[in-house]
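Protein chains get the first letters and strands the later ones, always in sequence-line order, with residue 1 at the start of each.
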2 protein chains.
Amino acid sequence: MDREATLHDVAGKVGVSPRTVSRVVNDEGGYSPETRKKVLAAIEELRYRPNMVARALITKRSGTVGLVGGDMTDPFFPALAEGIQHRAREAGQTMFFASTGSDPDRQAEVLRSFWARAVDGVIVFPALDSIDQLTDYGRRGLPIVVVDDLVEAPNVACVLFDLPEGGRLAARHLLSAGRRRMGVISATVSPPRRRHRERGFLAALTEARGDHLPAVTAEADPTVRGGEAGFAELLSLMPDLDGIFAYNDLVAIGAMRAAAASGRRVPDDIAVVGCDDIEMSTYITPALTTIRLDRGRLSNEAVAALGDLIDAPAQRRQPVVLPVELVARESA
Amino acid sequence: MDREATLHDVAGKVGVSPRTVSRVVNDEGGYSPETRKKVLAAIEELRYRPNMVARALITKRSGTVGLVGGDMTDPFFPALAEGIQHRAREAGQTMFFASTGSDPDRQAEVLRSFWARAVDGVIVFPALDSIDQLTDYGRRGLPIVVVDDLVEAPNVACVLFDLPEGGRLAARHLLSAGRRRMGVISATVSPPRRRHRERGFLAALTEARGDHLPAVTAEADPTVRGGEAGFAELLSLMPDLDGIFAYNDLVAIGAMRAAAASGRRVPDDIAVVGCDDIEMSTYITPALTTIRLDRGRLSNEAVAALGDLIDAPAQRRQPVVLPVELVARESA
DNA sequence: AACGTTGGCGTCAACGTTGACGTCAACGAT
DNA sequence: ATCGTTGACGTCAACGTTGACGCCAACGTT
């Protein structure tokens with residue numbers, strides 16, 4: 001035959017109904033051992049494989065999950081995608097991937113595309129101002145795991161790192177190293193309510209009292225180049241800067257490079273702390289001190305949360321808050 | 001209604017048949033302007049969206065493409081995935097992604113999963129010894145773009161960089177810098193017939209004659225750690241090594257780190273050339289001299305080749321060979 | 001007036017699988 | 001012998017959409 005075998009072909013070969021073949025394929029029971037052997041032999045001979053498209057039309061389950069992020073070239077992401085895909089594969093699922101460039105319109109387009117293809121659920125790093133669309137899809141019945149944000153809606157679970165604590169750890173580390181004139185670089189696309197790192201950092205400074213000056217703040221894109229620009233902005237606000245906390249490692253690396261370019265030694269003249277702990281951070285000189293976000297842990301928790309949503313939807317879910325830790329290297 | 005609207009719902013609201021609604025949705029013609037307006041209004045009101053699963057069951061087209069690679073944490077890959085996804089999105093397609101860990105059994109599993117979900121085509125970085133399975137899927141009718149290898153089969157097109165030329169450029173660069181005792185690090189998973197870089201490198205040395213010694217070779221995993229191990233292997237074969245060409249940038253960075261750890265200065269004592277041109281290569285010290293593989297170009301060519309296969313399958317395709325260039329920085 | 005053409009519809013039967021329910025022979029209990 | 005139960009099947013009708021083909025009124029040509 002010049003087309004792929006179907007249940008009907010297998011059934012025809014064995015002399016049973018397609019329904020019976022479906023029972024064997026799906027291990028449903030309700031067939032004799034003899035029938036089972038014959039069906040499996042025919043499956044092998046005809047190279048039958050279930051058509052997941054036809055199956056999805058009936059069961060509304062496609063065996064796929066979607067991963068929606070900002071930009072895949074952010075090194076944090078591929079490691080996470082590998083983790084998520086590994087766990088999804090264990091559950092017999094195939095992964096869609098789409099990046100949104102942190103644009104809510106593109107995220108809406110991606111979610112629409114996934115919804116139209118009956119994905120079993122999605123793991124989303126939300127774009128700015130996209131809670132409404134996430135809530136909408138949750139209400140429509142799409143299981144959604146939101147990462148690094150809080151959305152309360154049916155079928156939505158949240159998994160996030162304790163980023164305020166990360167900010168506090170960074171602040172305390174810089175203070176204990178004797179830094180007194182500090183700055184924080186936050187993400188350009190983050191609204192104030194999502195600047196957890198900055199909030200924790202500033203809170204820790206306030207708690208500590210002491211002789212440090214009030215910290216200055218800047219914004220930057222999540223790239224090395226962004227970090228260079230963020231450094232320049234901080235410096236213009238506080239020329240005798242001696243400590244920096246950046247919201248991700250690429251930005252921190254950029255700040256380090258800009259510091260070096262301006263004749264300041266890291267960490268002698270200025271200490272830098274990042275947040276992520278990407279591999280690159282161990283290879284640059286000096287090696288970056290950073291707040292480690294455990295991607296393996298995040299992958300596991302996100303996929304587990306999605307599995308729970310898929311199996312038992314429309315149940316109330318408490319956010320899962322993952323701990324962070326400071327990894328002290330050379331830059332601070 | 002507590003379920004998503006279908007063509008039937010829209011048809012019922014307007015008072016036409018579902019087929020007519022389908023004609024409007026798909027811009028097929030064969031309807032009056034008045035009918036079109038009514039249908040579009042009803043679509044808006046009912047928030048109708050085509051069910052891509054149902055559509056795929058009939059048309060055998062799902063509007064999805066699959067990307068199959070080794071490991072997403074290889075920095076070359078995410079940049080490529082962004083490019084491919086961007087181009088796919090322009091064509092209204094959604095991207096599956098799966099990594100295989102360069103394992104042919106996992107690649108077979110991935111292809112089976114994609115095939116069962118009626119992907120329109122796949123772009124594959126082949127795992128070792130996987131030509132047979134690729135040929136098999138090509139014969140079954142799956143459009144396949146193979147990257148960095150050559151597979152001749154129906155429905156298969158190949159896109160690859162001129163890696164032998166990359167090897168030659170690296171060799172000539174090192175020679176012109178006065179290096180005379182050189183080594184090449186190839187991929188552990190590459191069979192001899194796929195060591196294009198090494199072959200080009202050695203060929204250029206043979207052509208050049210001169211007073212350089214025959215190069216030594218080593219194998220390494222595609223990571224910084226792999227590069228450190230590869231460097232050690234080369235060094236054991238040639239203790240007065242003064243030039244290295246690595247098959248990717250991470251390996252080159254690892255070699256640089258190992259050289260520094262052994263007290264050798266890069267490039268003074270030992271010059272290092274990589275291949276890829278990942279972003280990290282510009283940020284490490286010294287910045288890496290490398291053979292640049294243009295990912296934007298590769299994404300475009302791969303997606304274009306896949307589009308051609310999808311639109312006109314079972315046609316003979318000449319491999320697309322992309323040029324490479326040497327980017328001279330500080331390490332060589 | 002008759003005939004051929006054609007636009008704007010509609011009908012029908014898939015596509016491959018599965019949920020809901022039906023049939024029937026074999027078996028144990030009475 | 002009769003009856004109720006049950007395992008091992010089978011039948012039927014979706015699921016939502018589309019390809020193939022049919023119908024019919026309107027129109028132009030003869």
Ignoring the backbone of A:Y48, work out which of C:dT17, D:dG16, C:dG19 is nearest its side chain. C:dT17
D:dG10, OP1 or OP2 - any side-chain N/O from A:S17 closer than 4.0 Å? yes
Classify B:R49 by what it touches in the nucleic acid, base, sugar-phosphate, or nothing, heavy-atom distance under 4.0 Å. sugar-phosphate
Between C:dG10 atom P and B:L7 atom CG, what is the distance in whole Å? 13 Å
Heavy atoms under 4.0 Å, any strand shown: does B:V53 hit a base, just sugar-phosphate, or nothing? nothing
Would you say B:T35 reaches C:dC9's phosphate, i.e. side-chain N/O to OP1/OP2 under 4.0 Å? yes
State whether A:K60 places a side-chain N or O below 4.0 Å from either non-bridging phosphate oxygen (OP1 or OP2) of C:dT18. no
What is the distance, rounded to the nearest whole Å, between atom CZ of A:R19 and atom P of C:dG16? 17 Å
In terms of side-chain heavy atoms, does B:S130 have a donor or acceptor partner in B:Q107 at a distance below 3.5 Å? yes
Under 4.0 Å between any heavy atoms, over every strand shown, what does B:S32 touch: base, sugar-phosphate, or nothing? Just pick one. sugar-phosphate
Length of the CZ-P vector between A:R23 and D:dA8, whole Å: 11 Å
Does D:dT30 pair with anything, Watson-Crick or G-U wobble, both distances under 3.5 Å, and if so, with which nucleotide? C:dA1
Of the options C:dT17, D:dT17, C:dG16, whose atoms approach the side-chain atoms of B:L57 most closely? C:dG16
Within a strict 4.5 Å, meaning less than it, do heavy atoms of the B:P143 and B:L306 side chains meet? yes
Can you list the steps and then say if A:R49 with A:E4 is a salt bridge (Lys or Arg N to Asp or Glu O under 4.0 Å)? CA-CA 8 Å; A:R49 289 290 174 189; A:E4 301 287 296; over 6 Å; no
When you match B:I58 and A:P18 each to their closest nucleotide on DNA chain C, which lands nearer the 5' end? B:I58
D:dC15 phosphate, OP1 or OP2: any side-chain N/O from B:N51 under 4.0 angstrom? no
Distance below 4.0 Å between B:S22 side-chain N/O and D:dT17 OP1 or OP2: no
If only side-chain N and O atoms of B:T20 are considered, is one of them under 4.0 Å from the OP1 or OP2 phosphate oxygen of C:dG10? yes
Describe, in one word, how the ring planes of B:F77 and B:F97 are oriented to each other, choosing from parallel (under 30°), tilted (30 to 60°) and perpendicular (over 60°). perpendicular
Does B:E109 have any side-chain hydrogen bond (donor to acceptor under 3.5 Å, both in side chains) partners at least two apart in sequence or in another chain, and if so, which? A:R89
